Amino acid sequence: MKRRKTDVRALPAKSAGALDERFQAATPLRRLLNKVFPDHWSFLLGEIALYSFIVLLLSGTFLGLFFDPSMREVVYDGSYAPLRGVEMSQAYNSTLQISFDVRGGLFMRQMHHWAALLFVAAIVVHMFRVFFTGAFRKPREANWIVGMLLFWMAFLEGFAGYSLPDDALSGTGLRIASAIMLSIPIVGTWVTTSLFGGEFPGEVILGRLYIVHVLLVPGLLLALISVHMGLLVKQKHTQWPGPGRTNNNVVGVRMVPGFAAKAGGFFMIVFAVMAALAGFFQINPIWLFGPYKAAVVSAASQPDWYVMFLDGAARLFPAWEIRFHLFGNGYTLPPIFWPTVVLPGLLAMLPMLYPFIEQRFSKDEAVHNLLQRPRDNPSRTALGAMAIAFYMVLLVSGGNDVVADKFSISLNAIVWAGRIGILILPPLAYYLAYRIALGLQQHDREVLVHGIETGIIQRLPDGRFVEIHQPLPVAGDGRGAEEEHGPEYAGWVVPRKMNRVGALAPPVRGFWFPIEKAAPPPKPARREPEERGEITTGRKVK
C-alpha cells in the first residue's frame with residue numbers, strides 16, 4: 001500500500017483554515033492585527049501601566065508560594081539575628097523568611113513593591129495625558145470611567161498588599177483604616193466588626209486581605225483592563241492633529257509587525273528598569289520596623305505615595321466634631337470622617353462625571369478623534385493644574401512631621417501653612433495656568449500672522465532697524481483672505497524655527513556621535529546675466 005505524502009509547507013495554512021472553519025476567527029483576528037496605533041511618546045504611558053501589572057502578576061505569584069497570611073503568634077528563629085526570640089505573627093515571620101532565607105526572595109519582594117508604585121504612577125500620569133488633551137470626549141466617556149475605576153482598584157490593591165506583612169508600619173495603616181471605618185455614621189461599627197471579625201485587630205483580617213489582594217481585586221483589574229483594551233480596539237484611537245490626520249482616520253503603525261515589535265522591546269525596558277530598582281534601591285525594609293504592636297507607633301510612619309494625600313488631608317482638617325440625633329439616637333461625626341470618607345468620595349465621583357459636565361457647559365456633542373493641545377482649552381488646563389496643586393499640598397502635608405523634624409520647624413506652623421496653602425495655592429495655580437495657556441495661544445497667533453523670526457536685521461531708509469520674518473506657506477483660496485491674516489491654525493505645533501519650514505538644513509541626529517550624514521549645502525541659485533555683470537549680447541561690461 002502506497003503511503004500518502006504530506007506537504008509540510010502547506011500544513012500551517014491548512015491548519016489555520018481548519019480552525020477558521022470551526023471558530024470563524026479570521027475576520028476579527030485580521031481586524032485586530034491590522035489595527036493602527038499612532039506613533040507618539042505620550043501613548044507609552046498606558047503601556048507602562050499594563051507592563052507593570054504583568055510584572056506584578058508574575059512577582060506576586062512567586063511571593064504567594066512562600067507567604068503565610070496567618071496571625072498565629074510564633075517566635076522568630078531565622079537568619080536575621082536582631083529579631084531572634086521576638087514574638088510575632090506568622091505573616092511577619094514568613095515575610096522575613098522570604099527576605100532572608102528564600103533565594104531571590106528579597107529581590108522579588110522589592111520588585112513587586114516597585115512595580116506596584118510604578119503601576120499606580122503610570123495610571124495617574126496616563127490619566128493626566130487623557131485629561132489635558134481631551135481624549136475623554138465623546139465617544140470615549142465610558143473608557144474614561146473604566147480608567148478611573150482602574151485607579152481606585154489599584155489604590156485598594158496597593159493598600160491590601162501593603163498591609164499583609166503585619167510589620168509596625170502596615171499595622172499602623174490598618175489601625176488608621178479601622179478608625180476611618182468607625183467614623184462612618186450608623187453603619188461604621190458594623191462594617192468594622194464584620195471586616196475584622198470583632199474588635200481590632202482580631203484574628204482574621206490578614207487572611208481576608210490576602211484573598212482580596214491575590215484573587216478578588218486582581219480579577220476585577222483583569223476584567224477592567226480587558227474592557228479598557230476592548231473599547232480601545234473597537235473605537236478609533238485618538239491621535240494628535242497633523243498632516244494627513246483627520247477625524248476619520250488614524251495614521252501610525254499596524255499592530256503586526258511594527259507595533260508588536262516596539263511593544264515587546266518597550267516591555268523589556270520597563271522590566272529592566274524595575275529589576276534595576278529592585279536590585280539597587282531598598283524599599284520597605286520591614287526588619288527595621290519590627291512586628292506590629294498596638295502601643296508602639298513611631299514618627300515618620302507614612303504610607304505609599306498614592307495614599308499619602310489622605311494622611312495629609314486628615315492632618316490638615318480642623319478638629320470639628322458634629323453631634324446630632326436621628327430616630328431618637330445620638331450620633332457623632334468625628335473630624336476624620338470628612339477628609340477620609342467624604343473627600344475620597346468626591347474625588348472619585350467628580351472626575352468620573354467630568355466628561356458629561358464639560359459636554360454640558362461647552363454644548364459640544366460632536367465625535368472627537370483628534371486630541372487638543374492643553375493651550376487650546378485654557379479652562380480645562382487650569383482645572384487640571386488646580387487639582388494637581390490641591391493634591392501636592394495634601395501630599396506634602398502627609399509628611400509634615402518629617403519636614404518639621406528635619407528642618408527644625410514647628411509642627412503646628414507647618415499644619416497652618418498647609419491649611420492656608422490648600423485655600424490659596426489651587427486658585428493661584430488655576431489663574432497662572434489659564435494665563436499661560438492664553439499667552440501661548442497669542443504667541444502661536446503672532447507666528448501665524450507675521451511669520452517666523454529669522455534673526456536677520458534690516459535697516460530701513462528712515463534709519464529704523466527691523467527683523468525680517470519668514471511668512472508661513474498659505475494654501476489660499478484665491479481671494480487673498482489667508483494671505484492677509486496668515487494660515488489657519490490646524491490644532492498642532494506652530495513652527496517657530498527656520499529649519500521647521502525647510503529654510504535651513506535639518507540638524508544632524510545623534511547625542512554623542514552623529515548617526516546620519518549632514519544634508520548637503522543648498523546650491524546657489526542661478527543668477528541672470530545682468531546680475532553677473534553681463535549684457536544680453538554676451539559681452540562683458542568693462
Side-chain angles (χ1 to χ4, degrees), residues 56-117 156-181 191-219 278 282-298 301-304 307:
L56 280 172
L57 291 179
L58 296 176
S59 57
T61 301
F62 175 88
L63 297 175
L65 299 175
F66 304 97
F67 180 72
D68 183 4
S70 172
M71 299 185 71
R72 176 174 53 90
E73 291 291 328
V74 297
V75 176
Y76 180 70
D77 189 25
S79 300
Y80 188 65
L83 288 179
R84 286 178 185 166
V86 176
E87 290 188 359
M88 59 186 64
S89 66
Q90 178 59 25
Y92 186 64
N93 180 49
S94 65
T95 308
L96 291 175
Q97 290 179 350
I98 292 173
S99 302
F100 295 106
D101 300 314
V102 175
R103 188 180 297 273
L106 180 59
F107 176 79
M108 296 301 290
R109 266 197 65 237
Q110 298 201 145
M111 178 178 282
H112 191 71
H113 203 132
W114 279 116
L117 297 183
L156 177 60
E157 177 77 344
F159 175 77
Y162 173 85
S163 304
L164 287 178
D166 198 31
D167 60 290
L169 196 59
S170 63
T172 302
L174 265 181
R175 191 69 179 100
I176 295 173
S178 171
I180 292 173
M181 287 183 286
V191 171
T192 306
T193 55
S194 298
L195 183 61
F196 287 90
E199 292 291 332
F200 177 87
E203 297 181 353
V204 298
I205 183 60
L206 291 186
R208 293 177 177 179
L209 282 178
Y210 183 71
I211 296 301
V212 169
H213 183 70
V214 304
L215 182 62
L216 297 181
V217 177
Q282 178 177 270
I283 189 170
N284 196 23
I286 61 167
W287 53 90
L288 299 180
F289 306 144
Y292 174 67
K293 302 295 182 183
V296 179
V297 178
S298 65
S301 297
Q302 272 74 33
D304 286 330
V307 187

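Nothing fancy with the numbering, it's 1 onward along the sequence. In this text, all values refer to a predicted model and were calculated from it rather than measured experimentally.
Taking 4.5 Å as the limit, every side-chain heavy atom of L174 sits out of range of all side-chain heavy atoms of P201. Counting only heavy atoms from C-beta outward, the side chains of L65 and V102 never approach each other to under 4.5 Å.
In this structure, the side chain of T61 engages the main chain of L57 through a donor-acceptor pair within 3.5 Å. A donor-acceptor pair under 3.5 Å is formed between the side chain of R208 and the backbone N or O of L195. No donor-acceptor distance shorter than 3.5 angstrom exists from the side chain of S194 to the backbone of V191, with no hydrogens or angles considered.
Residue pairs meeting the side-chain hydrogen bond (donor to acceptor under 3.5 Å, both in side chains) criterion with at least one member in residues 67-77: none, sequence neighbours excluded. Judged as a side-chain hydrogen bond (donor to acceptor under 3.5 Å, both in side chains), the pairs with a partner in residues 78-96 (not counting sequence neighbours) are, in order, S79-D101, S89-D166, Q90-N93.
Going from atom CE of M181 over to atom CD1 of I176 covers 12.0 Å, rounded to the nearest 0.5 Å. Atom OH in Y162 sits 7.5 Å away from atom NE2 in H113 (nearest 0.5 Å).
Minimum heavy-atom separation, A278 to M111: CB-N, 3.4 Å. Nearest heavy atoms, A91 versus L206: CB-CD1, 3.7 Å. Looking at every heavy atom in both residues, P165 comes nearest to I286 through CB-CG2, 4.4 Å. Here the shortest heavy-atom pairing between L164 and Y210 reads CD2-N, 3.7 Å. Scanning all heavy atoms of the two residues, the minimum distance from I283 to Q110 falls at N-OE1, 3.3 Å. Here the shortest heavy-atom pairing between T192 and S178 reads CG2-OG, 3.6 Å.
Not counting sequence neighbours, the partners of L63 by the side chain to side chain contact (heavy atoms under 4.5 Å, CB included) test are I98, M108, R109, H112. Residues satisfying the ring pair (Phe, Tyr, Trp, His ring centres under 6.0 Å) test with F196, not counting sequence neighbours, are F200. Under the rule for a ring pair (Phe, Tyr, Trp, His ring centres under 6.0 Å), the partners of F62 that lie at least two apart in sequence or sit in another chain are F66. F159 pairs by the ring pair (Phe, Tyr, Trp, His ring centres under 6.0 Å) definition with nothing, not counting sequence neighbours.
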Could you go through the side-chain contact (heavy atoms from CB on, under 4.5 Å) check for L106 and F100 one step at a time? CA-CA 7 Å; L106 180 59; F100 295 106; 5.8 Å; no

